[in-house]
Amino acid sequence: MIICANKMEYPLRTQCQRVHKQVMVNGENERVSLLLMKALVSRGSVDAVSQQMASHPQYLESFLRTQHYILHMDGPLPLPYRHYIAIMAAARHHCNYLVYLHSAQFLRVGGDPLWLQGLEAAPPRLRLLDHINKVLAHQPWLTACSHIQTLLKSGEQCWSLAELVQAVVILAHCHSLCSFVFGCDTDSDFVPLSKSPNGVPPTFCPFDAANGNANVPQSLATPSEHKTRRRSLDSGCDMVCLKERIQKSQEERDKREERLLQTQALQQTDIEEEEEMMCFTDPTRFITDPDLCYQEFARREEDHFQVFRVQDYSWEDHGFSLVNRLYSDIGHLLDDRFRSVTTLPSTHSPDLKRAIWNYIHCVLGIRYDDYDYGEVNQLLERDFKLYIKAVACFPDATKTPVCPLSLAPLKTSERIHVNLLIMEARLQAELLYALRAITQYMIA
């Protein structure tokens, strides 16, 4: 009997394991669905970036929380300013997808359409951000205390310290997001919304069905008139007939109101489509000095640009506390993103993840004294390093990164994880340079 019990134990254990695994899978799927539905409710559609990140729901939740906070929640900057700063950041890398997305959001929160004609049409305060925008985007090691001083002491156009910190966070967030869009080839697949010839709102994403847009609106042509019985009460029509006439009259009134609402809805849709077509502008309108791009930090000739040593200024010991003090709670949200991306379940070893992270920081001039950089060459093949560097330093819609052979066998979720690591490492690097410059200004 004991032997029989042991024989039965293994199939039962296997079955329990399968059930547990299925429960976990169902739980992750439900979590992804909930996150995408939240994005759908807040923005009216689920953007392509969120759909790609959905393979890592733990990270997606952290990302959406941070993005929603810096773009929509309480903060020193007006909402139109936030989206315009995002446009400026995305334009540095010619990212059509993000420029279009934030142009549409800019209009929806009441932004002046004239500003979308180009950077020259924007208020002087926003134009002052142009220099630090292009420096952080391409050569962040050039960020200096003097740049911060110029922004904070520009007379009537000066920025407050709190406003500047929020602006810097938005710039770094969008610069690094360009890397993700470029690495996942989202920008090349992007096609702007175009006005449909039959007046039907074009489909923006496959989740529109959950927003009531699954059915194509029918023609609003006036239906044929209903034939009504011309019998008076004197002709013997009883109370039942009277109730039928009253009910039918009410139904016809309801239909007329419904048609009116549909007409107004279509008119509003036409207005929104015109706004969306208007906001699909050339990203080059929002940039100056277009020839400025990434240069090899290790091969620079200037001796006065020192290597950024994390032991002297780190996110954990310096950046986190400063940004959290000047822009409440954002430090916790950003820190959660950094921790989340490095702890995601993955086939990549912790050593490989750290090699990717430290290699990106290295090409941006940041070094760790306690890290053996020989591991980078041991763990990252040459084509993999070229891919990482292209995505981190040259996220431009005019270039297409070649997927390295070492990534080809991996599942899509694993390749997306690599791009998430690149994005977050770049985000932290830009923040370190900007926050260090702000610290230097404050103690000067």
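Computed from a prediction, not measured in an experiment: that's the story for all the values here.
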- line: On a heavy-atom basis, the closest approach of Arg82 and Asp74 is NH2-C, 3.8 Å
field: Arg127 side-chain N/O to Ala122 backbone N/O, donor-acceptor pair under 3.5 Å
entry: yes
- request: Could you tell me the separation between the CG atom of Leu64 and the CG atom of Leu333, rounded to the nearest 0.5 Å?
  value: 12.0 Å
- prompt: With a 4.5 Å heavy-atom cut-off, do Leu151 and Arg125 have their side chains touching?
  reply: no
message: Looking at Tyr433 and Leu364, would you say the former's side chain and the latter's main chain have a donor-acceptor pair under 3.5 Å?
response: yes
field: Heavy-atom pair with the smallest gap, counting every atom of Cys95 and Val181
entry: SG-CG1, 3.9 Å
message: Quick check on the 6.0 Å ring-centre criterion: do Tyr69 and Tyr327 meet it?
response: yes
message: Is a donor from one side chain sitting under 3.5 angstrom from an acceptor on the other, for Asn419 and Tyr387?
response: yes
query: Does a side-chain heavy-atom distance below 4.5 Å link Asp336 with His332?
result: no
task: Determine, stepwise, if the pair His94 / Asp396 fulfils side chain to side chain contact (heavy atoms under 4.5 Å, CB included).
output: CA-CA 6 Å; His94 306 280; Asp396 192 311; 3.1 Å; yes
task: Rounded to the nearest 0.5 Å, what's the gap from OG1 on Thr66 to CG on Leu71? Could you check?
output: 10.5 Å
- prompt: Do the non-hydrogen side-chain atoms of Ile148 and Ile132 ever get within less than 4.5 Å of each other?
  reply: yes
statement: CD1 of Ile356 to CZ of Phe384, rounded to nearest 0.5 Å, is 4.0 Å
query: Can you tell me if Thr284 and Asp282 form a side-chain donor-acceptor pair at under 3.5 Å?
result: yes
- prompt: Can Ile366 and Trp141 be said to form a side chain to side chain contact (heavy atoms under 4.5 Å, CB included), step by step?
  reply: CA-CA 9 Å; Ile366 299 175; Trp141 55 86; over 6 Å; no
- prompt: Quick one: are Met442 and Leu322 in side-chain contact, heavy atoms under 4.5 Å?
  reply: yes
- prompt: Does the side chain of Ile388 reach to within under 4.5 Å of the side chain of Leu421, using non-hydrogen atoms?
  reply: no
query: How close do Gly331 and Val323 get, heavy atom to heavy atom, and via which atoms?
result: CA-CG1, 3.8 Å
Test: Glu120 and Arg285 ion pair at under 4.0 Å: no
field: Any donor-acceptor N or O pair under 3.5 Å, side chains Tyr59, Glu424
entry: yes
query: Do the charged groups of Asp312 and Arg436 touch, with an N to O distance under 4.0 Å?
result: no
message: Keeping Arg426 on the side-chain end and His175 on the backbone end, is there a donor-acceptor pair under 3.5 Å?
response: yes
field: Distance in Å, His138 NE2 paired with Phe394 CZ, rounded so as to fall on 0.5 Å steps
entry: 10.5 Å
message: Which label fits Phe320 and Trp315: parallel for a plane angle under 30°, tilted from 30 to 60°, or perpendicular past 60°?
response: perpendicular
task: Could you tell me whether Glu296 and Lys389 make a salt bridge, using a distance below 4.0 angstrom between a side-chain N and a carboxylate O?
output: yes
task: Report yes if some heavy atom in the side chain of Ser340 is under 4.5 Å from a heavy atom in the side chain of Phe63; otherwise report no.
output: no
- prompt: In Å and rounded to the nearest 0.5 Å, what is the CG to CG distance from Leu334 to Leu431?
  reply: 6.0 Å
message: Any donor-acceptor pair under 3.5 Å linking the side-chain atoms of Arg337 with those of Ser62?
response: no
message: I need the Leu171 CG to Lys134 NZ distance, nearest 0.5 Å.
response: 13.0 Å
query: What heavy-atom pair brings Gln139 and Cys293 nearest, and what distance separates the two atoms?
result: NE2-O, 2.9 Å
- request: Would you confirm whether Gln166, through its side chain, and Ile70, through its main-chain N or O, come within 3.5 Å as a donor-acceptor pair?
  value: yes
task: Evaluate the side chain to side chain contact (heavy atoms under 4.5 Å, CB included) criterion for residues Leu116 and Ile87: first the C-alpha distance (whole Å), next the side-chain angles of each, then the deciding distance (0.1 Å), finally the verdict.
output: CA-CA 9 Å; Leu116 295 181; Ile87 293 170; 3.9 Å; yes
task: Indicate the atoms forming the closest heavy-atom contact of Pro290 with Arg92, along with that distance.
output: CA-NH2, 4.4 Å
statement: Residues at least two apart in sequence or cross-chain that pass ring pair (Phe, Tyr, Trp, His ring centres under 6.0 Å) with His102, listed by chain then number, are His83
task: Could you list the residues that satisfy ring pair (Phe, Tyr, Trp, His ring centres under 6.0 Å) with Phe286, not counting sequence neighbours?
output: Tyr84
- prompt: If only atom types and distance count, is the side chain of Lys353 paired as donor or acceptor with the main-chain N or O of Thr343 below 3.5 Å?
  reply: no
query: Parallel, tilted or perpendicular: which describes the rings of His56 and His417, with under 30° parallel and over 60° perpendicular?
result: tilted
- prompt: Taking it one step at a time, do Ser55 and Thr412 satisfy side chain to side chain contact (heavy atoms under 4.5 Å, CB included)?
  reply: CA-CA 8 Å; Ser55 57; Thr412 301; over 6 Å; no
Check against salt bridge (charged side-chain N to carboxylate O under 4.0 Å, His left out), Glu61 and Arg65: CA-CA 6 Å; Glu61 185 174 2; Arg65 190 186 302 117; 3.4 Å; yes
query: Does the gap between the ring centers of His318 and Tyr313 come in under 6.0 Å?
result: yes
task: Determine whether Pro283 and Ile287 make a side-chain contact, defined as any pair of heavy atoms from C-beta on separated by less than 4.5 Å.
output: no
task: Compute the ring centroids of Tyr373 and Tyr371, then answer whether they are less than 6.0 Å apart.
output: yes
By ring pair (Phe, Tyr, Trp, His ring centres under 6.0 Å) - contacts of Trp357 (at least two apart): His361
task: Of all the heavy-atom pairs spanning Gln311 and Asp370, show the shortest one and how long it is.
output: NE2-OD1, 3.7 Å
- request: Decide whether Ser176 and Glu430 meet the rule of one side-chain donor and one side-chain acceptor closer than 3.5 Å.
  value: no
query: If we only count heavy atoms from C-beta on, is the Leu420 to Phe180 side-chain gap below 4.5 Å?
result: yes
